[in-house]
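Worksheet for the structure shown next.
Below, read A as the first sequence line, B as the second, and so on, with proteins coming before strands; counting in each chain starts at 1.
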2 protein chains.
Amino acid sequence: MSLSDPDRAAPGQRLAWAAARLRAAGHRDTRPRRQILHVLTHAEGHLTVEGIHHQAAAAGPLDTSTVYRTLTIFERIGLVHTVLIGGRVTYGLADHPHAHAICDTCARVTALRSTAWGHLAALAHGEANGFTSSGIIVRGQCDACLTGAGEATDQD
Amino acid sequence: MSLSDPDRAAPGQRLAWAAARLRAAGHRDTRPRRQILHVLTHAEGHLTVEGIHHQAAAAGPLDTSTVYRTLTIFERIGLVHTVLIGGRVTYGLADHPHAHAICDTCARVTALRSTAWGHLAALAHGEANGFTSSGIIVRGQCDACLTGAGEATDQD
DNA sequence: CTCAATGCAAAGCATTTGCATCCCT
DNA sequence: AGGGATGCAAATGCTTTGCATTGAG
């Protein structure tokens, strides 16, 4: 389950980057937002709203609605991106492109190390008219689920 | 919005493939499921549950809960896959891999024609331990949203 | 000072479930 | 005939909103 990316910046740098982007988009730098950014910059993989709220609340109380509103803004300005994992909406910092393989059956997530996806990012930029990639998702099914499709081992 | 894929099979073939897969997984071939498959095999892009239900209902009444239950089974057996587009969960037939670029800000979807993503699929197979790709999603932001990030033109 | 951002609590909806009935195999 | 699949309708639970208050710039 270790989704650690070798080329990911240190939490401090990521947070600075995020805060700058937030200000640049004309938004205020508040305590609740800092709490949420702290969680996101330290996270290994993607987190659900519930997970973010839970962790962020450790640094001081904040309302669920604030988490939703904040995350919505973050996504709009391209600070985070959402990924559907196992039927759950999850959020992750979009500071550097990365590729993940997600199984549609068991929801297992595997980080892809190779840089081959760089091609795809460039391709999207050309074909999708200046599109800037923040991440790539490969959907499908892992070997285990494909083989035993039908009597999938329930392990949500 | 035309997401037509040049290499996609005809509706009839897609439906046959889907029905076979359904039976192979040990599920019954019922009228409601046929209605839903009909919609999916004729769809250009991805559809929301509401959209699927709306279209499928044209061929005879069926309950929303049935659509949900059916779609859940379809996804489990790898017949369809889900994609989060503009905060909405959407479904699409997973009969052949295809790549899409989705803007996190305006939710615009662009189909990628190139076959460069084939590399990524193969790569996932190797790195993610036998993973079989059904589709690839490039997330990020389109040029328009990246440029005017902040005063995004609301056009849901 | 001003107006965006929050907290609270009430709505709003999408999704899930229990159960009796139906119908594919 | 038997057991999975459906329809209905109630129940969940995630997400959104209105409004008064707070605080960043």
Side-chain angles (χ1 to χ4, degrees), chain A residues 18-38 46-54 56-57 59-77 79-80 82-91 107 149-152 154 156, chain B residues 18-39 46-54 56-57 59-77 79-80 82-91 107 150-152 154 156:
Chain A
R21 193 163 184 53
L22 186 61
R23 297 302 315 290
H27 294 287
R28 294 182 179 174
D29 189 1
T30 69
R31 187 178 61 72
R33 288 176 181 172
R34 282 283 180 172
Q35 289 172 242
I36 294 173
L37 280 180
H38 179 81
H46 290 78
L47 302 168
T48 62
V49 171
E50 182 189 5
I52 292 172
H53 179 229
H54 179 71
L62 84 166
D63 198 77
T64 306
S65 65
T66 299
V67 178
Y68 278 104
R69 282 191 276 231
T70 301
L71 251 22
T72 298
I73 290 175
F74 284 5
E75 183 177 18
R76 174 171 281 149
I77 63 177
L79 216 163
V80 302
T82 59
V83 181
L84 198 55
I85 300 178
R88 300 255 173 264
V89 177
T90 64
Y91 293 79
E151 62 261 67
D154 238 80
D156 184 30
Chain B
R21 192 163 186 53
L22 186 62
R23 296 302 316 289
H27 295 287
R28 294 183 179 173
D29 189 3
T30 68
R31 187 178 58 73
R33 288 176 182 171
R34 283 284 180 170
Q35 290 173 243
I36 295 174
L37 282 179
H38 179 82
V39 173
H46 290 78
L47 301 168
T48 61
V49 171
E50 183 190 3
I52 293 172
H53 179 231
H54 179 72
L62 85 167
D63 197 78
T64 307
S65 65
T66 298
V67 177
Y68 277 105
R69 282 192 276 232
T70 300
L71 250 21
T72 297
I73 289 175
F74 285 5
E75 182 177 18
R76 174 172 282 147
I77 65 177
L79 216 163
V80 301
T82 59
V83 182
L84 199 56
I85 300 178
R88 299 259 173 261
V89 177
T90 64
Y91 293 77
E151 63 257 64
D154 236 83
D156 181 37

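B/Arg88 CZ to A/Leu84 CG: the interatomic distance, rounded to the nearest 0.5 Å, is 13.0 Å.
Within the structure, salt bridge (charged side-chain N to carboxylate O under 4.0 Å, His left out) pairs that include any residue of residues 24-36 of chain A comprise A/Asp29-A/Arg34 (at least two apart or interchain).
When side chains are defined from C-beta on, B/Leu37 counts as touching B/Leu79, because their heavy atoms get closer than 4.5 Å. The side-chain heavy atoms of B/Thr90 and B/Thr48, taken from C-beta on, include a pair separated by under 4.5 Å. The closest side-chain heavy-atom distance from B/Leu22 to B/Ile77 is below 4.5 Å. With contacts defined as side-chain heavy-atom distances shorter than 4.5 Å, the pair A/Ile36/A/Val67 qualifies.
With B/His53 contributing its side chain and B/Leu62 its backbone, the two residues share a donor-acceptor pair below 3.5 Å.
Partners of B/His38 by ring pair (Phe, Tyr, Trp, His ring centres under 6.0 Å), not counting sequence neighbours, listed by chain and number: B/His42. Every residue meeting the side-chain hydrogen bond (donor to acceptor under 3.5 Å, both in side chains) condition with A/Ser65, not counting sequence neighbours, appears here in chain and number order: A/Asp63, A/Arg69.
Atoms CG (A/Leu37) and P (C/dA5) sit 13 Å apart, rounded to a whole Å. In this structure, the CD atom of B/Glu75 is 14 Å from the C1' atom of C/dT15, given to the nearest Å. The distance from atom CD1 of B/Ile73 to atom C1' of C/dT15 is 15 Å, rounded to the nearest whole Å. In this structure, the CZ atom of A/Arg34 is 17 Å from the C1' atom of C/dT6, given to the nearest Å. The distance from atom OH of B/Tyr68 to atom P of D/dT12 is 18 Å, rounded to the nearest whole Å. We find that CG of A/Leu62 is positioned 21 Å from P of D/dT21, with the value rounded to whole Å. Rounded to a whole Å, the CG atom of A/Leu71 is 15 Å from the P atom of D/dC14. One interatomic measurement links the two molecules: CZ of A/Arg76 to P of C/dA4, which rounds to 14 Å at whole-angstrom precision.
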Generate the contact string for nucleotides 19-25 of chain C. Rules: B means base contact, S means sugar-phosphate contact only, - means no protein heavy atom under 4.0 Å. -----BS
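When all heavy atoms of B/Pro32 and B/Thr66 are compared, the closest pair comes out as CB-CG2, 4.0 Å. Contact record, B/Ala107 with B/Ile85: O-CG2, 3.6 Å, taken as the closest heavy-atom pair.
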Short N/O separations, protein against nucleotides 9-13 of chain C, under 3.5 angstrom:
none

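Bending across the helix from C/dC1-D/dG25 to C/dT25-D/dA1, expressed as the angle between its end axes from five pairs apiece, amounts to 60° (10° rounding).
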